[in-house]
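Accompanying notes for the structure given below.
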Amino acid sequence: MGFTKTTKTSFLILSDTHGKDHIMPKIPVDVAIHCGDLTDESKLDEFRSSLELLKSIDAPLKLVIAGNHDFSLDETAFGNLTAEATTKCHIEPELIKKEYGDFGQARELCSNSEDESITFLDEGIHSFRLQNGAALTVYASPFTPSRDAHQGFQFKHNDEHDFSISPSDNKRVDIAITHGPPKGVLDRTSSNQRGGCDQLFAAIAKARPRLHCFGHIHEGWGAKLVTWRGKEPTTTTPSHFTEIDNGASILIDSLADYKPRKFDSEQEAKDRKKRKERLFKDGFRSTSHCMDDKHPLVAGQQTLFVNAALEMGPEDEDPDAREQVPWIVELELPNA
C-alpha cells in the first residue's frame, strides 16, 4: 500500500472581526478562512466592511461562514428579531430596512462579492481543488449552543444538533470550520468556564480532521496540536476527558503566555511583554506541521485546533491589550 502524495498548503485563519477594520498580514496564502461573526449587529455596512477586509487578503480561495452575530443571514432569527424590534422596541420598519435590508440582502452581499475568491459556505461538506494542486474537503457549520438561542444559528443547550462531519463515502474531512469551539479545547471563558459544545467535540473526535478552526470564545485564542487516544473513540459519547492524550498533545500558544502572572519574576514579566510586542509587530501567529517540521501532523491520529478570534474577551483587564491576531498555518494536504 503506497503513501498518499501530499502538498504543503498555507492557511490564513481569522474569526470574530465584528465589522471592524483589522489589518491583515501581507503574506500570500493558499486559503483564507473566516470562522464567522463578520459583524457585531448584523448591519449591511458591517458586512461590507468585513468583505473589504477579506478582499485585502492575498489568497486565491477565501472560505467564509456565519456566526451568531450574523443573524440577518438566518431567516428564522432575522424574522424573530425584527418583529421584536418593531413590536417591543417600537422601531420603525423603514429604519430596520435601512440598516439591515430585507432578508436575503446580506446573504447576497456575501455570495455575490466583487472578489470571486470569496466563497460563503452553508452548513455541510464542501470540496475544492486548490491552485497549488491539493484537494481540500471541509465541513462547515455556523451553529453554536446558547441558553436562549436568541441570536443567529443557535440551538439551546439541551437540544441536539447534528454535526455531520463524516462524508457518506467515508473519505476524511480535512478541515472543520465552525463558529464555536468544541467543549474542552481552547474554549475557556473569562469566568474560567468551558464555553464549547460537547456535541461538536464528539463529532470532531469521530471524524478527526487535520484541522479544526473556530472562534466565538474570544478569550480562547490560541492553537493546540491534539493527539487522540487509539484509532477510534473509546466511548459512544466521546469527551475531552476520554479521547485526548494530553501527555502527547502540544499547546502551541494561548493568551495566557502573553498576560502577566501574579508570581512572575521581573525577568519573566519583561519576557512576556517582549513576546507580546513581537506578536503585534508581526501581525499574526504562525505554526507549521508538515513532514519536515519538528511536529509533523499525523493524519487520523492528530488534529490541530485553532481559535482565531480577533476580538478581545469581554473582561480583558490588560491595559496594554490590543486586538488579537490571525493565524497562519501550514499543513500537508492530499494531492488532487
Side-chain angles (χ1 to χ4, degrees), residues 13-18 20 22-23 25 35 37 40 67-69 144-147 157 179-198 200-201 212-227 239-289 294-295 302-329:
I13 307 170
L14 62 154
S15 186
D16 298 82
T17 51
H18 291 282
K20 294 184 179 179
H22 300 273
I23 298 174
C35 303
D37 275 3
D40 195 45
N68 57 296
H69 280 261
T144 53
S146 169
R147 183 175 60 185
H157 283 295
H179 180 53
K183 189 169 186 177
V185 186
L186 304 174
D187 66 332
R188 288 282 186 190
T189 66
S190 56
S191 58
N192 204 33
Q193 301 297 309
R194 291 289 189 186
C197 176
D198 52 1
L200 177 57
F201 180 90
H212 180 196
C213 52
F214 46 86
H216 189 50
I217 305 297
H218 302 171
E219 312 93 299
W221 180 94
K224 185 174 183 177
L225 182 62
V226 162
T227 298
S239 77
H240 62 287
F241 295 114
T242 63
E243 306 307 318
I244 294 177
D245 184 343
N246 287 303
S249 299
I250 302 168
L251 180 62
I252 296 162
D253 209 352
S254 71
L255 289 182
D257 289 337
Y258 301 95
K259 294 185 177 182
R261 297 179 183 178
K262 185 175 182 180
F263 297 107
D264 275 351
S265 66
E266 184 177 346
Q267 186 58 49
E268 287 171 333
K270 287 181 179 178
D271 289 343
R272 289 186 194 282
K273 186 174 182 180
K274 285 181 180 179
R275 286 201 298 273
K276 182 191 294 185
E277 289 172 350
R278 186 165 59 248
L279 180 72
F280 289 126
K281 183 179 179 180
D282 291 342
F284 64 92
R285 179 67 164 88
S286 64
T287 187
S288 183
H289 301 279
K294 183 178 180 181
H295 300 292
Q302 294 176 309
T303 295
L304 176 65
F305 290 85
V306 175
N307 182 327
L310 298 196
E311 185 84 352
M312 293 182 297
E315 299 179 10
D316 198 315
E317 299 176 355
D318 183 355
D320 297 321
R322 311 179 206 178
E323 299 302 307
Q324 290 154 197
V325 300
W327 280 85
I328 292 181
V329 170

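Residues take their numbers from the sequence shown, with the count starting at 1. Values below: all heavy atoms of this structure, side chains included; hydrogens, waters and symmetry mates excluded.
For the side-chain hydrogen bond (donor to acceptor under 3.5 Å, both in side chains) test, residues two or more places apart in sequence or in another chain that qualify with T189 are S191. When the ring-ring contact (aromatic ring centres under 6.0 Å, His included) test is applied to H289, no partner is found at least two apart in sequence or on another chain. Annotation: side-chain contact (heavy atoms from CB on, under 4.5 Å) contacts of R285 (sequence neighbours excluded): W221, I252, D253, Y258, L279, V325, W327.
Atoms CD1 and NE2, on I250 and H295 in that order, are 4.0 Å from each other to the nearest 0.5 Å. For the atom pair CG of N192 and CD of E219, the computed distance is 10.5 Å after rounding to the nearest 0.5 Å. Taken from SG in C35 to CG in N307, the straight-line distance is 8.5 Å, to the nearest 0.5 Å. Rounding to the nearest 0.5 Å places OG1 of T144 at 9.0 Å from NE2 of H157.
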Can you check side chain to side chain contact (heavy atoms under 4.5 Å, CB included) on R194 and R188, steps first, answer last?
CA-CA 5 Å; R194 291 289 189 186; R188 288 282 186 190; 3.7 Å; yes

With side chain to side chain contact (heavy atoms under 4.5 Å, CB included) as the test, would you mind laying out the steps for I244 and S249 before giving the verdict?
CA-CA 8 Å; I244 294 177; S249 299; 3.7 Å; yes

Take R272 and E268, measure what salt bridge (Lys or Arg N to Asp or Glu O under 4.0 Å) needs, and give me the verdict at the end.
CA-CA 6 Å; R272 289 186 194 282; E268 287 171 333; 5.9 Å; no

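What you find for F214 and G180 is that their closest heavy atoms are CB-O, 3.4 Å. Contact record, G222 with L186: O-CD1, 3.5 Å, taken as the closest heavy-atom pair. The two atoms that bring D16 and H218 nearest to each other are OD2-NE2, 3.1 Å, heavy atoms only. Considering all non-hydrogen atoms of both residues, P182 and L200 come closest at N-CD2, 3.9 Å. Across all non-hydrogen atoms, the minimal contact from I13 to C213 is CG2-CB, 3.7 Å. Summarising the geometry of A269 relative to D264, their closest heavy-atom pair is N-CB, 4.2 Å, with the distance given to 0.1 Å.
Under the 3.5 Å distance criterion, the side-chain polar atoms of T287 are left unmatched by any main-chain donor or acceptor of V329. Side chain of D187 to main chain of I217: no donor-acceptor pair is present (N/O by atom type, distance under 3.5 Å, no hydrogens or angles). Using a distance-only test at 3.5 Å, with no hydrogens or angles considered, no donor-acceptor pair links the side chain of D282 to the main chain of F284.
Only one option out of H18, Q324, K20 pairs with E311 in a side chain to side chain donor-acceptor pair (under 3.5 Å); it is K20.
Checked by atom type, the side-chain pair H216/D37 shows no donor-acceptor distance below 3.5 Å.
Contact of the S239 side chain with the D198 side chain is not registered, since no non-hydrogen atoms from C-beta on lie closer than 4.5 Å.
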